[in-house]
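Everything numeric here is computed off the predicted structure, so don't read it as measured data. Heavy-atom basis, side chains included; hydrogens, waters and symmetry copies ignored.
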Amino acid sequence: MKYIKFFMLMVAAVLIASCSSDDATYNSETGTTVGFTSDTIKVKESTGFFNVPIAIEGKRNGDIKFQIEVLAAGENPATEDKDFMITGKTLTLLNDTTSSDALKVEIKTIDNSEINEARMFKLKIVNLQGAQLVNDEVVVVLRDNDAAFFEKFYGKWTFSAIDSEGAPVERTITITGPSDEEDPDYEKVLTVTGNSFLNVGVALNFQWHFNYSFDTATKKGTLGFVMGELVSSYSTDYQWTWYKNVGTDLSDEDLTAVWTLGEGDSFPTEIVWEETMVDDWSEGSYLWFYQPGAGWWERYGKIKLIKQ
């Protein structure tokens with residue numbers, strides 16, 4: 001059905017373009033401008049149909065017509081008819097069109113199951129008649145949804161570990177992250193919430209962050225507990241942070257796990273902090289629940305996250 005729709009849109013674009021004959025009367029008003037409304041547009045490759053808006057501003061006493069040219073962009077350029085298709089490259093705004101002063105380039109992304117870096121291409125307005133050109137280019141970035149494992153961490157996990165007495169610990173935690181891909185923390189920082197995570201006479205709610213990374217070439221990623229930030233509190237007297245030990249010293253360096261995609265690039269359901277997987281507290285590193293100026297209250301070893 002999507003390809004039938006695309007075919008009908010192609011036919012419509014041809015019909016619209018044919019409405020403007022060679023002897024059309026083009027706009028002669030000075031100050032009328034045509035241009036893209038932004039310099040860059042980012043979409044996921046699974047988006048399907050989307051529009052790239054073009055603004056037409058100023059008075060008109062005739063038609064405006066132009067073409068769209070596709071150019072390669074970036075180190076990993078997208079390929080037309082393989083990564084995307086464009087409905088029509090000739091756009092005309094007729095003089096009697098009063099309902100809108102904007103045109104749109106309609107594009108359809110072509111999804112695939114491969115893991116790629118983001119691919120880019122450029123749209124350029126050329127052969128403009130009836131207006132002055134401003135903002136003649138826009139870069140379109142196709143983000144690979146098959147490599148967007150950041151959002152796959154969202155949801156409920158089980159925090160599994162042993163405490164300082166060697167007793168098993170299992171807590172349900174919830175991982176969230178930014179919904180806006182333009183957020184500076186997107187694909188970088190995850191937020192973890194654990195209600196009633198630890199009882200110190202009162203049940204404490206925890207919140208901490210993971211630093212996140214993923215490399216498409218090696219298909220490996222990292223997940224690191226951020227040390228030294230406030231993770232829980234009780235009144236104003238008790239403020240706790242995570243720290244890890246390096247030998248006998250506490251460190252504010254991330255306590256990091258490495259994770260790898262499985263067979264068929266499947267997302268892992270278990271993340272293991274290998275440096276905590278030892279039986280002797282004098283070896284490896286551990287996660288310390290620490291109150292600055294007062295000492296540690298709890299520590300965790302053999303840490304895993306298990307997807308629920």
Side-chain angles (χ1 to χ4, degrees), residues 149-150 152-177 185 188-215 218 220-235 237-260 267-308:
F149 294 104
F150 180 77
K152 294 181 190 256
F153 276 98
Y154 296 6
K156 293 188 180 299
W157 294 72
T158 297
F159 173 94
S160 174
I162 60 169
D163 64 16
S164 56
E165 302 298 324
V169 174
E170 287 195 349
R171 301 286 186 267
T172 294
I173 61 173
T174 301
I175 298 180
T176 59
D185 284 342
K188 292 182 180 179
V189 180
L190 292 161
T191 300
V192 186
T193 303
N195 292 327
S196 300
F197 191 87
L198 177 65
N199 194 307
V200 292
V202 293
L204 298 177
N205 297 330
F206 277 37
Q207 185 175 92
W208 70 85
H209 294 100
F210 284 135
N211 281 328
Y212 166 95
S213 74
F214 177 71
D215 182 75
T218 62
K220 291 184 178 181
T222 62
L223 207 62
F225 285 89
V226 177
M227 303 287 108
E229 64 177 7
L230 181 70
V231 299
S232 190
S233 64
Y234 177 65
S235 74
D237 297 322
Y238 300 98
Q239 309 286 314
W240 293 281
T241 67
W242 287 136
Y243 280 105
K244 77 170 186 177
N245 65 293
V246 177
T248 58
D249 298 322
L250 293 179
S251 170
D252 59 4
E253 296 178 357
D254 286 5
L255 182 62
T256 301
V258 177
W259 55 274
T260 305
F267 183 70
T269 57
E270 184 175 278
I271 312 295
V272 179
W273 274 257
E274 292 292 348
E275 63 184 297
T276 70
M277 304 301 287
V278 293
D279 295 318
D280 189 341
W281 289 103
S282 65
E283 300 176 1
S285 293
Y286 301 94
L287 188 64
W288 296 74
F289 183 56
Y290 182 80
Q291 183 182 4
W296 65 275
W297 289 59
E298 187 55 274
R299 59 185 176 182
Y300 297 107
K302 298 188 176 181
I303 302 170
K304 299 180 183 178
L305 289 190
I306 304 167
K307 183 72 172 175
Q308 293 188 7

Check whether any side-chain heavy atom of [X] sits under 4.5 Å from a side-chain heavy atom of [Y], and report yes or no.
X      : Y      : result
Tyr290 : Asn245 : no
Trp288 : Thr241 : no
Leu198 : Val169 : no
Trp240 : Val200 : yes
Gln207 : Leu230 : no
Leu223 : Tyr212 : yes

Ignoring hydrogens and geometry, is there a side-chain-to-backbone donor-acceptor pair from [X] to [Y] under 3.5 Å?
X      : Y      : value
Thr276 : Ile303 : yes
Glu274 : Ala257 : no
Thr260 : Lys220 : no

Phe206-Phe289 aromatic ring centre distance below 6.0 Å: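 Distance test on ring centres: under 6.0 Å, yes.
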For the ring pair Trp296 and Tyr286, is the centre-to-centre distance below 6.0 Å?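 Distance test on ring centres: not under 6.0 Å, no.
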Those residues that, when tested against Tyr300, pass ring-ring contact (aromatic ring centres under 6.0 Å, His included) (two or more places apart): Phe159
Where is the tightest heavy-atom contact between [X] and [Y], given as atom of each residue plus distance?
X      : Y      : result
Ser160 : Ile306 : CB-CD1, 4.3 Å
Asn205 : Ser196 : OD1-N, 2.8 Å
Tyr243 : Asp252 : CE2-CB, 4.0 Å
Lys156 : Thr172 : CD-CG2, 4.3 Å
Val246 : Ser251 : CG2-CB, 3.6 Å
Val189 : His209 : CG1-CD2, 3.8 Å

Angle class for the Trp259/Phe267 ring planes (parallel below 30°, perpendicular above 60°, tilted otherwise)?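 Perpendicular, since the angle between the ring planes exceeds 60°.
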Where does the angle between the aromatic ring planes of Trp157 and Phe153 fall among parallel (under 30°), tilted (30 to 60°) and perpendicular (over 60°)?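 Correct class here is parallel.
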To the nearest 0.5 Å, how far apart are CG in Leu255 and CZ in Phe210?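 Leu255 atom CG to Phe210 atom CZ measures 9.0 Å (nearest 0.5 Å).
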How many angstroms lie between atom OG1 of Thr193 and atom CH2 of Trp208, to the nearest 0.5 angstrom?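 Here the interatomic distance stands at 8.5 Å.
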Does Lys307, at its NZ atom, have more than 12 non-hydrogen atoms belonging to other residues, nucleotides or ligands within less than 6.0 Å?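 Enclosed.
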Can Glu298 and Leu287 be said to form a side chain to side chain contact (heavy atoms under 4.5 Å, CB included), step by step? CA-CA 9 Å; Glu298 187 55 274; Leu287 188 64; over 6 Å; no
Sequence-distant partners of Ser235, side chain to side chain contact (heavy atoms under 4.5 Å, CB included), two or more places apart: Asp237, Tyr238
Report the C-alpha separation of Tyr154 and Leu190 in whole Å, then their side-chain angles, then the decisive distance to 0.1 Å, and conclude whether the side chain to side chain contact (heavy atoms under 4.5 Å, CB included) test is met. CA-CA 8 Å; Tyr154 296 6; Leu190 292 161; 3.6 Å; yes
Partners meeting salt bridge (charged side-chain N to carboxylate O under 4.0 Å, His left out) with Lys302 (sequence neighbours left out):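 Expected list: Asp279.
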Ignoring hydrogens and geometry beyond distance, is a side-chain donor-acceptor pair present between Glu275 and Ser285 at under 3.5 Å? yes
Under 3.5 Å, is there a donor-acceptor pair linking the side chains of Ser213 and Thr222?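 There is such a pair (donor and acceptor under 3.5 Å, judged by atom type) between the side chains of Ser213 and Thr222.
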Option among Gln308, Glu270, Glu170 that satisfies the side chain to side chain donor-acceptor pair (under 3.5 Å) test with Thr158: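 Single side chain to side chain donor-acceptor pair (under 3.5 Å) partner of Thr158 among Gln308, Glu270, Glu170: Gln308.
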